[in-house]
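Hydrogens, waters and symmetry mates are skipped; everything else that's a heavy atom, side chains included, is used. Just so it is clear, the structure is predicted and the values come from calculations on it, not from any experiment.
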Amino acid sequence: MQPLLIVSEESQFLLRILNGSFQTLDFIKDRVFHGFADLFCSKADLDVIDIRQDNVVQCVNREEQGSKDSLSKGNDSDQQEDSRVGFNVLDAMLKHSLDRLKSMRERISSAEAGIHNCTLEINFNKDAYVIRAMCLDGKMGAALSLWFNMIQNSIVPDVITHNYLINGLCKNCELEKAEWIVRGMLYRGPSPTCATYNSLIRGYCLMNDVDKALNTFSTMANHGILPNRVTCNILVHALCKKGLLEEAKKLFHKLLSKNHNGGSSDLITSTIMMDGCFKNGDTDQALAFWERMLKEGVQVDKVSYNVVVHGFCLSHDVGIAYKYCCEMLKLGFVPDVYSYNTLVGALCKKGKTSDACYIYDVMTRMGVIPDQITYKMIIQGLCINREIDRANCFLDYMLENSIIPEPLVWNVIIDGYGKFGDIQKASYIRDKMVAFGVLPNIYTYNALIYAQIKSGNILAAQPLEKEMLLYGLTPDLVTYNLLIGAACSLGLIHSALQLHDEMLRKGCQPDVITYSELLKVFCLQGMMKEADKLFGKLLASGLAVDHVPFLILMKRYCRLREFDKVFDLYQKWLVTMRR
DNA sequence: TTAGGGTTAG
């Protein structure tokens, strides 16, 4: 071991500490905890000590040798002199070793103190960054715990870390906790900033509590904080979302009057207003905001173009939406997944699935990766258009590319096959869904029950009701209506009534479809007293009654040639329709 | 990415 090694290792430690390397910190900590003797001068110093120990041993040996020699020489004064020299050497060696050990201990103590200070400082940063990362990841419980731990140790994170916490809590709809932290900030510091209040305001807007958001907005000034453009944009957005366009416009104009850029529009605020107008059906007003931006020379961007494209898709002008897509391309804005999804969605809604698939091809050729939303819209569109096999190909493509769709996507395909009475393919998709780790839900089972009934296996539908319980699923109104309908069509009136009782017991209220199915079976069985009683119950239930129950009864009474009953029902029908 | 705008919608 060379002494130089000691120096270079020390320098490395110091440099790394100065650089704030956490790895180094852990390394140092490890060394501290595993014995300071090993720190800085470990092996080299020990080697030095060993060498010196060797020297001592050698001296002692020499001393012993010398004694032997002197004995052999038989000279006492020389022996005494040699002994003195030997002890002097030993004293010097011991003193040197003790001094060396003392200096080592001092260096180690000072290093320990320094490391302790560094640990506090670096841990402070490290913990703050961990809190921020946890907040971005939505792990608010862990983030709060770490924050609380820091506060307990009298380490107060900076305002930005606090803002991360507040924003994370607000996004999680944990406004009470967020407010509690803000109160703590006002009490102990760091003082909240505009971003702190913006997070709170946005949190209330997300919870649809615009009144509370406006209230928070009005308290900012009490704490010496002025709202900024972001604050206003959050509120304008919330007001638009609630359909309060006039209030949003007032705020927009108030913002313009305070604008330092000579009263010109702000891109984001104008985009929010434009989107709000499109979504509230006011295309002219939306375009007025767009024209104003262009007139004032505001640099529009991809998002504002996407808002226009979406706006025209909403007003069923897909042709104009295309035109704006081309315009944005000409200006150098490359359409993104939002632009393409907007077009795909509009085309699917119009039933133009081939055009939607064409747009899908274009986007993939342009290097824009379709997302879950793209596939969901195309698969739903194809299933509505009864192109189930084509939809299934898209599902396969998703799976090949490791995109596992949500249950809805599987369900629409199962439902699609079921509506064709193709129980084999419907069941196959359900099995595949489970194999890919996606749990079936109530829609899955309702689609499977429908598939069994549609394919004529009415008795096979009932075990599915038991099977869904294994997944912790409770049959809903749709399930009972399907099962009651199936029992009625088989003339199994007792089974139908049992299912009716079961649904009432489980707190599932029958609707007009349940009543219609039961009326049908009573009529088929000639149980007209029961039918009349049930019909009276239906009219008294307060449910919106459509034409079906009336037609079922009228048809039956016609067959029975009880025309006064038919006329009476017709009168009642007219009264109901007028309501 | 300390806070603000755009795509679905059983």
Side-chain angles (χ1 to χ4, degrees), chain A residues 128-129 131-133 135-137 157-168 170-171 178 190 192-203 205-206 216 220 225 227-238 240-241 248 252 255 266-276 278-279 289 293 300-311 313-314 321 324 328 333 335-349 359 363 368 370-381 383-384 405-412 415 441-444 446-447 476 478:
Chain A
Y129 280 116
I131 290 174
R132 293 180 190 186
C135 291
L136 292 176
D137 215 17
D158 62 338
V159 68
I160 294 179
T161 308
H162 272 87
N163 287 350
Y164 267 98
L165 264 174
I166 290 158
N167 193 41
C170 289
K171 280 185 176 167
T193 60
C194 192
T196 318
Y197 283 97
N198 287 349
S199 291
L200 276 180
I201 292 169
R202 187 158 185 265
C205 291
L206 283 174
T216 309
M220 287 172 77
I225 297 162
N228 62 10
R229 191 176 289 279
V230 177
T231 325
C232 294
N233 285 345
I234 295 167
L235 289 169
V236 168
H237 189 223
C240 284
K241 213 172 172 186
F252 175 83
L255 190 65
D266 170 69
L267 170 65
I268 296 180
T269 326
S270 300
T271 307
I272 296 168
M273 282 305 308
M274 200 166 65
D275 187 47
F278 271 126
K279 284 177 178 162
F289 277 106
M293 275 199 288
V300 290
D301 65 1
K302 196 184 284 186
V303 176
S304 49
Y305 260 105
N306 282 344
V307 165
V308 177
V309 170
H310 183 245
C313 285
L314 277 178
Y324 277 96
M328 72 190 278
F333 298 118
D336 60 8
V337 72
Y338 282 94
S339 329
Y340 288 111
N341 281 356
T342 302
L343 291 175
V344 166
L347 292 166
C348 285
K349 268 186 194 161
I359 296 293
M363 76 189 281
V368 178
D371 61 7
Q372 290 258 10
I373 294 175
T374 324
Y375 287 109
K376 184 174 163 179
M377 289 186 298
I378 290 183
I379 289 173
Q380 269 188 301
C383 287
I384 290 167
E406 58 171 309
L408 170 76
V409 174
W410 301 86
N411 291 346
V412 292
D415 188 55
N441 61 18
I442 188 71
Y443 293 96
T444 320
N446 287 345
D476 66 359
V478 178

Regarding [X], tell me which of base, sugar-phosphate or nothing describes its non-hydrogen contacts under 4.0 Å with the strands shown.
| X | value |
| --- | --- |
| A:Ile268 | base |
| A:Thr269 | nothing |
| A:Val307 | sugar-phosphate |
| A:Ile166 | nothing |

Where the side chain of [X] is defined as all heavy atoms beyond and including C-beta, which of [options] is the nearest nucleotide?
| X | options | answer |
| --- | --- | --- |
| A:Asn167 | B:dG5, B:dA3, B:dG4 | B:dA3 |
| A:Ile373 | B:dT2, B:dT7, B:dG5 | B:dT7 |
| A:Ala195 | B:dA9, B:dG5, B:dT2 | B:dT2 |
| A:Tyr338 | B:dA3, B:dT7, B:dG5 | B:dT7 |
| A:Val230 | B:dA3, B:dG5, B:dT2 | B:dA3 |
| A:Asn341 | B:dT2, B:dT7, B:dG4 | B:dT7 |

What class does the angle between the rings of A:Tyr324 and A:Tyr305 fall in, given that below 30° is parallel, 30 to 60° is tilted and above 60° is perpendicular?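 Plane angle between 30° and 60°, so tilted.
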
Using whole Å, report how far [atom1] of [X] lies from [atom2] of [N].
| X | N | atom1 | atom2 | answer |
| --- | --- | --- | --- | --- |
| A:Ile201 | B:dG5 | CD1 | P | 14 Å |
| A:Phe278 | B:dT7 | CZ | P | 12 Å |
| A:Asp266 | B:dG5 | CG | P | 12 Å |
| A:Met274 | B:dT7 | CE | P | 12 Å |
| A:Asp275 | B:dG5 | CG | P | 10 Å |
| A:Ile384 | B:dT8 | CD1 | C1' | 12 Å |
| A:Asp371 | B:dA9 | CG | P | 13 Å |
| A:Gln380 | B:dA9 | CD | C1' | 8 Å |

Qualifying residues under side-chain contact (heavy atoms from CB on, under 4.5 Å), relative to A:Ala248, sequence neighbours excluded: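 With neighbours one apart ignored, the set is A:Val236, A:Leu239, A:Cys240, A:Met273.
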
Base B:dA3 to side chain A:Asn233, donor-acceptor N/O within 3.5 Å cut-off: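 No such pair is found, so the answer is no.
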
Polar pair under 3.5 Å, donor/acceptor by atom type, side chain A:Asp301, base B:dG5: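 Per atom types, the contact qualifies.
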
N or O in side chain of [X] less than 4.0 angstrom from [N] OP1/OP2:
| X | N | value |
| --- | --- | --- |
| A:Lys349 | B:dA9 | yes |
| A:Arg202 | B:dG5 | yes |
| A:Lys279 | B:dT7 | yes |
| A:His310 | B:dG5 | no |

Taking the basic N atoms (NZ, or NE/NH1/NH2) and the acidic carboxylate oxygens, is any pair closer than 4.0 Å for A:Asp137 and A:Arg132?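 No.
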
Ignoring hydrogens and angles, state whether a donor on the side chain of A:Asp476 or A:Asn446 is under 3.5 Å from an acceptor on the partner side chain.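 Yes.
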
Polar contact flag, side-chain donor to acceptor under 3.5 angstrom, A:Thr196-A:Thr193: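 Result is yes, a qualifying pair exists.
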
Which whole number of Å gives the distance between the C1' atom of B:dT7 and that of B:dA3?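 Comparing C1' positions in B:dT7 and B:dA3 gives a spacing of 23 Å.
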
In whole Å, measure the gap between the P atoms of B:dG5 and B:dT1 for me.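 B:dG5 and B:dT1 have their P atoms separated by 10 Å.
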
With sequence neighbours excluded, tell me which residues meet salt bridge (charged side-chain N to carboxylate O under 4.0 Å, His left out) with A:Asp336.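 Not a single residue meets the salt bridge (charged side-chain N to carboxylate O under 4.0 Å, His left out) criterion with A:Asp336.
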
